[in-house]
Amino acid sequence: MQNKIGVISGFLFGVSGFLFMFKLIILDHVPPSDELAPGIVVIMSVLSGFAFAFIGSLIQNRYSKKGNYKI
């Protein structure tokens with residue numbers, strides 16, 4: 001589980017960040033009578049989560065301690 005913390009935190013940050021920015025930018029300026037497709041919002045949120053999970057994995061691999069010890 002220790003080696004997955006970068007991926008999990010990146011995914012959660014990406015999904016929640018996208019939904020928060022979507023609410024601030026789009027939903028506050030759209031009247032309630034307009035219909036928005038909720039499926040595309042969820043798909044874009046998950047894709048954003050995958051992108052941030054990949055970035056989190058790269059960051060974790062870059063700064064993790066390497067166990068290359070020679071005996």
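Linking Ile, Leu, Val, Met, Phe, Trp and Tyr whenever their side-chain heavy atoms come within less than 4.5 Å leaves V46 and I55 in two separate clusters. In the hydrophobic clustering of ILVMFWY residues, with side-chain heavy atoms under 4.5 Å counting as a link, V7 and L58 come out apart. Both L47 and V41 belong to a single network of hydrophobic side chains, linked directly or stepwise wherever heavy atoms of I, L, V, M, F, W or Y lie under 4.5 Å apart.
Screening residues 4-28 for ring pair (Phe, Tyr, Trp, His ring centres under 6.0 Å), with sequence neighbours left out, gives F11-F50, F13-F52.
With hydrogens and angles ignored, the 3.5 Å screen pairs a side-chain donor or acceptor of S48 with a backbone N or O of G14. A side-chain donor-acceptor contact under 3.5 Å links S16 to the backbone of L12. The backbone N or O of I5 lies less than 3.5 Å from a partner atom in the side chain of S9, making a donor-acceptor pair.
Note that CD1 of I26 and CG of D34 are 11.5 Å apart. Values are rounded to the nearest 0.5 Å. If you take CD on Q60 and CD1 on I8, they are separated by 9.5 Å, rounding to the nearest 0.5 Å. The CE atom of M44 lies 11.5 Å from the CG atom of L19; values are rounded to the nearest 0.5 Å.
The shortest heavy-atom contact between L24 and H29 is O-CE1, 3.9 Å.
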